[in-house]
Amino acid sequence: MGQRETFRGEFGMTISRRGMLAGAAAMPVLMRVQDALAQGVTPRRGGTLTMMLTPEPPVLQLGVNNQAPTIAAATKIFQGLVTFSPKLEPIPVLAKSWTISPDGREYTFRLQENVKWHDGKPFTADDVVFSITKFHMELAPRARSVFSLIDSATAPDPHTVRFTLKRPFEPFLLMLDASTAAMVPKHLFDGQDYRTAPAVQRPIGTGPFRFTEWQRGNFIRMDRFEEYWKPGQPYLDAIIYRIVPDSQSRRLALETGQALLSQGNDIEPFDVPQLRQRPNLEVQTTGWEYFSPLSWIETNHRVKPLDDARVRQAISRAIDRNFIAQRLWFGIGKPATGPFASSTRFYDPNVKLPGYDPRAAQQLLDAAGLKPNAQGVRFSVKHLVLPYGEIWSRLSEYLRQSLSRVGIALELESTDAGSWSRRIANWEYETSVTFVYQYGDPTLGVERTYVSSNIQKVNFANTGGYSNTKVDELFAKGRNAADAKERQAAFSEVQKILVEEVPQIWLMEMTFPTIHDRKVRNAVTTGLGVHASYDDVFLAS
Amino acid sequence: MRDFWRRYRRNKGAVLGLVILFLVILMAILAPVLFPGSPWDMVSAPFMPPGEMGLLLGSDSLGRDVAAGIAHGARISLLVGAVSTLAALLIGVTLGAVAGYLGGFADDAVMRFTEFFQTIPSFVLAILLVAIFNPSISSVVFAIAVVSWPPVARVVRAEFLSLRSREFVQAAEVLGKSRLSIVLTDILPNALSPIVVLASLMVATAILLESALSFLGLGDPNLMTWGFLIGAGRSVIRLAWWMSVFPGIAIFLTVLALNLVGEGLSDALNPRLARQRGAA
Amino acid sequence: MDPTKLIGFLLRRGLKAAIVVLAIVVCNFLLVHAAPGDPASVIAGQSGAADPLFLEQLRKQFGLDQPLYVQLWVYLKSVLTLDLGFSHRQQMPVASLILDRLPATLLLTGAAFVFAIVTGVTLGALAARRVGRWADSLITIIALTFYATPLFWVGLMLVLLFSVWLEWLPSFGMSSVGVELHGMAAVLDVAKHLLLPALTLGLFYLAVYARLTRATMLEVADQDFVKTARAKGVPEGRILRAHVLRNALLPVITFAGIQAGQLIGGSILVETVFAWPGIGRLAFDALLARDYPVLLGVFFCTSVMVVLFNLVTDLLYAVVDPRVEVSG
């Protein structure tokens, strides 16, 4: 299955490409370079890219820490076996090519040759086996949940790795991006406490940039790794991440050119329209297809009347998602249509949430037996404001006003990050707002919120307590089927049921703006966006 | 009483303060009449400058009326100021009375306790308390009360120390009156003047504290207060300066008024205290 | 003053101070741990995924799996050896983190303090000298204005005026981002950034000192020994300096002493508005992230400073007014 073709790119590199899904067209690998060439721009070597990072990460070792800023910065130092295009097709990185056995249980990866760690030692299959079966297994919950399916991991030769799974797991490849399973050097971690190993403070990876200096509260500096395995790359001499704690300062840094690129939460949505006006800046909202954050009103089904599907449907219809997307987020992101984001695999465009209709909402509440009292209030419910920025406060305020129009009194509670996290995990809330990453595949990022087996007291689980055996069955089918068509059928059906029951009230498919000077090229080319290695980024003159 | 007003009126600033205070209280009472509905209602396009679309002071990031926010916010600010001051007075007067009247070990213990309290920066302690108890109007009032009582205790203690050795107190003791009754009926009324002056200043400080907490996002999210308005306006100050300017003016005027009134009270009350001290 | 008395005083007060600080440490520890949630839950909430093992590992790493009294004991022991612990969030020992950020706060509060005292006392003295005249009224009004306005609002207004509208001064941070400056250029850069925050913090205290100075000077000027000196024909200026000012300074010193301890707490607001990298903001961020060692470390430092300042104030008192006895 699949084809094997060889490209010889402009710079004398040999690339091979391989399709992952049976019959799916694979993407040309160096398309972005060819795009650049097609535009008549030859990548220019040299220059330092100054970016910003908010907030400052505690460490740069992926695995030990998987918070957002760590992933953004450390993916320049560390790499995974593959990465993904905006359509979530796999792109070879440290894995030159791969084959999957017909039964879907055996993955054989052929690794790139001449790859060195930043300390000069060679990257081999042993590092891959260690990273996946030991390092990330021990440290990372997400990795643990999938890599525990690995029955055996062998390295027949220094450039071949073979994983045999206990049963077929079709989205297995999606776990092998640097953001989830970065390759780490076995010789620096094996046999030690991974969290306190010295390598954590001086990260050593295979990426195009090596860690140079970190002045806490000030900047992180990475310089070109001269022995990077792609000849001629990276084009940049160095990357500097400036730590600028204040959002207005960051905006100014971008305007004055002190920073050439902002990402993630650096710039507040209300500042984006003005920055769009600047002729020298470009605003991109792509690059989040892999993570696909989806925001929703987190609903605790243990609290009446939230256990009634009609009530949840009513809440859903009382909210104008277009207003939220346009007015609160200034057009960054788009209204959600259901539990799956449109960029996630197996999204069914035919299944959509019904639209904004306050009257319909009131009818649903009447049908549920919740009549308004003398003040027009049908029932009141508490709401925990998400403490990750002002925009979430504005959202909660908007929700309160919208719901009050249909007779639901939302009582806001504010907490800080520590309390919020704990209360959600321990089910000590009635409603809240949250956003959760989809990680490209329903089994990886969506299922965990809706299956009854995942009702536990931990964040990012089924904290709402929703339980539907049909939904459990369908997600199980989707998880275990080896064939993509079977998975699509299961997921389409489950989307239909979920959109009907509205176990969580989805609000927006989120994205974060990447704003950069026009001379920065290739800032966002893959589905990982700014979480890519940046070996092909250059500063045009 | 007329004497008191005569003396009070002599201080022009104090009169001005009283007038301003009266206007603020009036605005607070009339808020639902002047600006019906909730200040949280989104009534216009966002970021409208003052004067446009019929909004006197402009609109904020969600299109809410800033003037309505200020008027309704007055109620919360005054309420929080009054209640937390009352609570602080309760704690402070009790502790100060105990220390001043009983003296000895009780005095030592209370003084150490007060000193200890004053070593923790009060604002930091307030933030910590609000974080522990979740931001809400009650936790804010509690936090302000807890950090504001030490000066009250000191003042009350000083007053009680000086008053307890006075003849009329000794007379009461000889008569066999209970300690509590002596404290409440004999000493406390004579110690009232400095407490009253202190109280008016404390209400001002409480309003400042509450606005600072709200500014940092630690206020009750269901109540639109002046501090909240300024905090919400801070990040968009380049887009909408009116969101930050006007609520601040409201705080300034109210706190100024309270300070002027406090000074006026001090001037008006002191001659009487002096006369009493001389007369006894 | 008798040297043996002084030493005795210092020893007695020193011991008392140490006990007070210890009590503060214990209370702060209990207070800080009373806040719901812990650093593990903060990290779990921000990692995109979590499971019970993850939380357990984090709690173990932070030493939070021990019962509270064990944690307290461990902390006390380390504090006694002046080891303030390790911040996992910042990956630095707490002591070096605080030392890193303390200079910024000291610079800010020091500048504000000096500005406030010098300008405040001068204005207050001026107002007392010309009591009843227009200069007095003007100064009193100015003082009242700055006393009554919220600190953070003054800061915002200054930013609006000088940074947004006039574009004369930067609105945030301690130094320009992205530029590497050395020597005099660096000093000037910091000075430019320091101006607005120091002014904001200083204006409030200026009002306090102005009013305090004016009030005490008026009170002292009314007293007998001053009237006697005046009757004797001593020049007014000399009266002012030798007698009035000296005595009026006592309450100012007391107040300044209390203020000095409070300046750390007061700097949180200014540091927030101006993104000034000081320990006030450090404490606030540590609270939000439940970074216990950092928060407790900052409290420890501030309480030590307050206690020290109280000591210094008492000593100064004794020096300025020989009638004050140095008693324990």
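Chain naming here is simple, since letters A, B, ... match the order of the sequence lines and numbering starts at 1 in each.
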Check: Listed by residue number, which members of residues 386-406 of chain A have a heavy atom under 4.5 Å from any heavy atom of chain B?
Finding: A/Glu390, A/Arg394, A/Glu397, A/Tyr398, A/Arg400, A/Gln401, A/Arg405
Note to self: Which atoms of A/Leu410 are under 4.5 Å from chain B, going by heavy atoms: the side chain, the backbone, both sets, or neither?
What the structure shows: backbone
Notebook entry, point to check: Mind checking whether A/Phe435 and A/Trp288 have ring centres under 6.0 Å apart?
Noted result: no
Item checked: Choice from A/Glu268, A/Arg251, A/Glu411 maximising heavy atom contacts with chain B below 4.5 Å -> A/Glu411
Margin query: Between B/Phe47 and B/Trp241, does the ring-ring contact (aromatic ring centres under 6.0 Å, His included) criterion hold? Intermediate values first, please.
Written below: CA-CA 9 Å; B/Phe47 300 124; B/Trp241 56 265; over 10 Å; no
Item checked: Under 3.5 Å side-chain donor-acceptor pair for B/Ser38 and B/Asp41 -> no
Next item on the list: Check whether B/Leu239 gets within reach of chain A through its side chain, its backbone, both or neither, counting any heavy atom under 4.5 Å.
Entry: side chain
Notebook entry, point to check: Given that the side chain runs from C-beta out, which part of B/Phe228 has a heavy atom under 4.5 Å from chain A: side chain, backbone, both or neither?
Noted result: side chain
Margin query: Could you check whether B/Trp226 and B/Ser214, counting side-chain N and O atoms only, form a donor-acceptor pair closer than 3.5 Å?
Written below: no
Notebook entry, point to check: Does the side chain of A/His516 pick up a donor-acceptor pair with the side chain of A/Gln284 at under 3.5 Å?
Noted result: yes
Check: Would you say the side-chain atoms of A/Thr285 and A/Thr511 include a donor-acceptor pair closer than 3.5 Å?
Finding: no
Checklist line | Heavy-atom side-chain proximity of A/Pro55 to A/Pro69 below 4.5 angstrom | finding: yes
Note to self: Ignoring hydrogens and geometry beyond distance, is a side-chain donor-acceptor pair present between A/Thr431 and A/Glu298 at under 3.5 Å?
What the structure shows: no
